Amino acid sequence: MLQQMKEYWKETISAQILEIARESGIDEALVKDVGELVVQTPPKPELGDLAFPLFPYAKLLRSAPAKIVQLVCDRLITKVGIDKDRILPAGPYLNVKIDVASLAIDLDKEIQDKKDRYGHTTLLKGKKMMVEFSCPNTNKPLHLGHLRNDAIGMSISRLLEANGAEVQKVNLINNRGVHICKSMLAYQKFGNGETPETHNIKGDHLVGKYYVRFATWEKEEKEASEQAQAMLKKWEDGDKDVLSLWSLMNKWTLDGVNETYQKTGISFDEYYYESDTYKLGRDIVHKGLEKGVFYKEPDGSVWIDLEPINLDKKVVLRKDGTSLYLTQDIGTAIQRHEKWPFDSLIFVVASEQSYHFKVLFYVLEQLGYSWAKNLFHLAYGMVNLPDGKMKSREGTVVDADDLIDSLTQLAKGEIISKSREGMVGDIDEVSSDIALGALNYYLLQTTATKDMIFNPDESISFSGNTGPYLQYMGARISSMLKKWEEMKNNFNDISFDASLLTLQDERELIKSIASFDTLVSLAAKEYNPSIITSYLYEISRLFSRYYHDHQILKAQTPELIKARVTLVKMLLQVLKNAYYVVGIPFLESM
RNA sequence: GCGUUCGUGGCUCAGCUGGAUAGAGCGGCGGACUUCGAAUCCGUAGGUCGCAGGUUCGAAUCCUGCCGGACGCACCA
């Protein structure tokens, strides 16, 4: 909503500059060459709400920027009839004080009307957007890297939806290949019939245990990896025993993984399985060969020349005619588009695969699929530990379930140490919501495309710039509004007078609430949830200070109480909507 | 070697579609709970924005080169 006000001022000021130029006999085209007027926020609130730097016009108008500012200010007052209190010239900057009271009144109406949908836009209305994320292997449980992937995928999906898109979340399960056979083989050798039930162990962890077991066995037994290869061959030939072991262990893993998804609030609209898709793409390649997109080497392998995109060449079909990772992905993309004709597809996959996706998109484009230009690889960065990479063979991989459990325990301890068990309702539920808030906020606050360092000590901290800090603001407001419910009957005949909200913090809060929609669309455009996490932190910090310095339910006059409560109600709705988009559970009490 | 990408206080990160003294959190030091929830707030110390050039009225932000790190460059997925 703030955007409209910005536009208004921008146009009004631009018009005056244009007229000044015209009066001095300067060609309008030259004014346009300078570019659009820039709107900024002054570094300090006392300087106004909006800032328009007028440096760029100095050369054109042959005058010092500050003089131009004066000139424009005079005209705004005399010709446009703008109240002179709204205009604050500051050297080369023309600053403006917007009408925050009327903004607050509009906001209040809008928020009451839209509620959970406040901040939503129509930017992507009518678009069908598919988001692929998570994509676990079925040979081990989820780890920290998946958690980042999941958090990003989930948040992006919600952001796209908030901007009006129809979203389908898809997961591709990597349930096939030598790595899967490795855990199967180890289980066959050392499993002794252990099941998740007999040993009371989560299925994915059980399978993961045998994957690790294979690695140690491989050191003693030279033929281990050959045996795994042989098993894969059997699997592909449809060997009954291998297949039944495979489906049993797959189920164990998937049950476990799904349990983790449930705990972390992750869900999908559609699951794809590599075992169903790995042969896909071959026919397409054959057709592409006829069309001349690909070429065949004497040994029978099929290639594509990537010279046009400054890369080498790449195999798309083995000499024995079987599919590769790339072939398969060509097939799945096409299959997906047939099943659900998306306008765009976003792959949330680690940045190590940038090359793969560059090639994939190019191939699809060459094959003539018009939608290929709307494929996007959201290449998120690695999660490292303070002393380096996570390495499975060094046992430094942070397990997803372990991490969540320990965060939950810590949250619970915190509740108990504050003697709040009695007030929070279901303590286990609240603890895990706090853990989730901490985790998702931690994972999303770093720009998705950058590598990040996961510091266990910091991630478990609940104070400072953390998820629980944000949740705490929601809880305090909720608690305050409960008290308000008890007293509000005394305020029935008082209406919301926004002009009473004159404190700097109040102005800032109103502007911040009003800018939410702009950030929701920006975050979606840039596929960047951290825009929302930063926003949440900033607005929470603002409120926290405000709340500390000023009384709300005990403000000086009933009118002021009403006005402040109205403001706080708006804030709570915005917080809730923003929490949702970044996967932070809202808590009435914590 | 080639390609992609990152380099901001002790640590972890914002800011990067150029603009007014570079922002936070953690950690350090010092304050604030008989008052709407102290998982909070306030103050303070701490930065040649990797280095060197360039473009510009103006560069952490754009361009070039260099240095350093990460990732990729399989008939693995």
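The figures here come from the full heavy-atom set of this structure, side chains too, leaving out hydrogens, waters and symmetry mates. Note that the coordinates shown come from a computational prediction; the quantities given were computed from them, not determined experimentally.
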Next on the checklist: Considering every strand and a 4.0 Å limit on heavy-atom distances, what is the contact class for A:Asn95: base, sugar-phosphate, or nothing?
Outcome noted: base
Checklist entry - With a 4.5 Å limit on heavy-atom distance, are the side chains of A:Val424 and A:Ser589 in contact? => result yes
Next on the checklist: Can you tell me which nucleotide in B:C75, B:C41, B:C36 comes closest to the side chain of A:Lys554?
Outcome noted: B:C36
Checklist entry - Taking the P atom of each, how far is B:G7 from B:G15, in whole Å? => result 10 Å
Checklist outcome for this item: The Watson-Crick or G-U wobble partner of B:A52, with both key distances under 3.5 Å, is B:U64
Checklist entry - Using a cut-off of 4.0 Å on non-hydrogen atoms, how would the nucleic acid contact of A:Ser301 be classed: base, sugar-phosphate, or nothing? => result base
Checklist entry - Given B:U40, B:C71, B:U21, which nucleotide is nearest the side-chain atoms of A:Lys44? => result B:U21
Checklist entry - Hey, does A:Glu414 reach any base, or is it just sugar-phosphate, or nothing, if we go heavy atoms under 4.0 Å? => result base
Next on the checklist: Please tell me whether A:Phe376 and A:Phe347 form a close aromatic pair, meaning their ring centres lie under 6.0 Å apart.
Outcome noted: no
Checklist entry - If you look at every strand shown and take non-hydrogen atoms under 4.0 Å, does A:Tyr355 touch a base, only sugar-phosphate, or nothing? => result sugar-phosphate
Next on the checklist: When both hydrogen-bonding distances must be under 3.5 Å and the geometry is Watson-Crick or G-U wobble, what is B:A59 paired with, if anything?
Outcome noted: none
Checklist entry - Which part of the nucleic acid, if any, lies within contact of A:Leu324, taking any heavy atom under 4.0 Å across all strands shown: a base, the sugar-phosphate backbone alone, or nothing? => result sugar-phosphate
Item to check | Paired nucleotide for B:C33 [Watson-Crick or G-U wobble; both distances under 3.5 Å] | outcome: none
Next on the checklist: Categorize A:Ala51 for me: base, sugar-phosphate, or nothing, with a 4.0 angstrom heavy-atom threshold over every strand shown.
Outcome noted: base
Next on the checklist: Please give the distance between the P atoms of B:C71 and B:C76 as a whole number of Å.
Outcome noted: 23 Å
Checklist entry - Taking only side-chain nitrogens and oxygens of A:Lys313, does any of them come within less than 4.0 Å of OP1 or OP2 of B:C73? => result no
Checklist entry - For the pair made of OH in A:Tyr380 and P in B:U5, what is the distance, rounded to whole Å? => result 19 Å
Checklist entry - With a 3.5 Å cut-off and just heavy-atom distances, do the side chain of A:Asp312 and the base of B:A74 make a donor-acceptor pair? => result no
Checklist entry - Looking for any heavy atom pair under 4.0 Å, which part of the strands does A:Ile453 touch: base, sugar-phosphate only, or nothing? => result sugar-phosphate
Checklist entry - How would you label the contact of A:His377 with the nucleic acid (heavy atoms, under 4.0 Å): base, sugar-phosphate, or nothing? => result nothing
Next on the checklist: What contact category does A:Glu588 fall into here, base, sugar-phosphate, or nothing, at under 4.0 angstrom with non-hydrogen atoms?
Outcome noted: base
Checklist entry - Roughly how far apart, to the nearest Å, are B:G54 and B:U61 at atom C1'? => result 15 Å
Next on the checklist: Once you apply a heavy-atom cut-off of 4.0 Å, does A:Lys59 come out as touching a base, just sugar-phosphate, or nothing?
Outcome noted: sugar-phosphate
Next on the checklist: So if I take every side-chain heavy atom of A:Thr446 and compare against B:C41, B:G72, B:C13, which nucleotide ends up nearest?
Outcome noted: B:C13
Next on the checklist: Considering every strand and a 4.0 Å limit on heavy-atom distances, what is the contact class for A:Leu317: base, sugar-phosphate, or nothing?
Outcome noted: nothing
Item to check | Counterpart base for B:A20, defined by Watson-Crick or G-U wobble contacts under 3.5 Å | outcome: none
Checklist entry - Which one, B:A77, B:C36, B:G3, comes nearest to the side chain of A:Lys358? => result B:G3
Checklist entry - Base, sugar-phosphate alone, or nothing: which one does A:Lys319 contact when heavy atoms must sit under 4.0 Å apart? => result base
Item to check | Spacing of the C1' atoms in B:G47 and B:G10 (rounded, Å) | outcome: 12 Å
Next on the checklist: Nearest whole Å is fine: how far is B:A74 C1' from A:Leu326 CG?
Outcome noted: 12 Å
Item to check | Donor-acceptor pair (no angle test) under 3.5 Å: A:Asp549 side chain, B:C41 base | outcome: no
Checklist entry - How about A:Gln353 and A:Tyr325: does a side-chain donor come under 3.5 Å of a side-chain acceptor? => result yes
Checklist entry - Looking at B:A39, B:A38, B:C16, which one has an atom nearest to any side-chain atom of A:Lys450? => result B:C16
Checklist entry - For RNA chain B, whose closest nucleotide is more 5', that of A:Phe462 or that of A:Ala448? => result A:Ala448
Checklist entry - Within the structure shown, what part of the strands sits under 4.0 Å from A:Met423 by heavy-atom distance: base, sugar-phosphate, or nothing? => result nothing
Checklist outcome for this item: Separation between OG1 (A:Thr277) and CD (A:Gln328), nearest 0.5 Å, reads 4.5 Å
Checklist entry - Do any side-chain nitrogens or oxygens of A:Arg541 fall under 4.0 Å of OP1 or OP2 in B:G23? => result no
Item to check | Aromatic stack A:Phe55/B:C57: centroid gap under 5.5 Å, interplanar angle under 30° | outcome: no
Checklist entry - Of the candidate nucleotides B:C36, B:C75, B:C42, which contains the atom at the shortest distance from the side chain of A:Arg318? => result B:C75
Checklist entry - Under 4.0 angstrom, heavy atoms only, what part of the nucleic acid is A:Lys389 near: base, sugar-phosphate, or nothing? => result sugar-phosphate
Next on the checklist: Could you tell me the Watson-Crick or G-U partner of B:G1, where both distances fall under 3.5 Å? Say none if there is no partner.
Outcome noted: B:C73
Checklist entry - Are A:Trp9 and A:Phe52 near enough that their ring centres are under 6.0 Å apart? => result no
Checklist entry - If anything within 90° of 0 is syn and all else is anti, what is B:C42? => result anti
Checklist entry - Partner of B:U44 by Watson-Crick or G-U wobble geometry, both contacts under 3.5 Å, or none? => result B:G28
Checklist entry - Mind checking whether A:Leu587 and A:Val430 have side chains closer than 4.5 Å, heavy atoms only? => result yes
Next on the checklist: Distance alone, cut at 3.5 Å: any donor-acceptor contact between the side chains of A:Asp329 and A:His356?
Outcome noted: yes
Item to check | Member of A:Thr253, A:Asn149, A:Asn175, A:Asn171 meeting the side chain to side chain contact (heavy atoms under 4.5 Å, CB included) criterion with A:Pro136 | outcome: A:Asn171
Checklist outcome for this item: Sorted by position of nearest nucleotide on RNA chain B, 5' first, the leading residue of A:Pro468 and A:Ser534 is A:Ser534
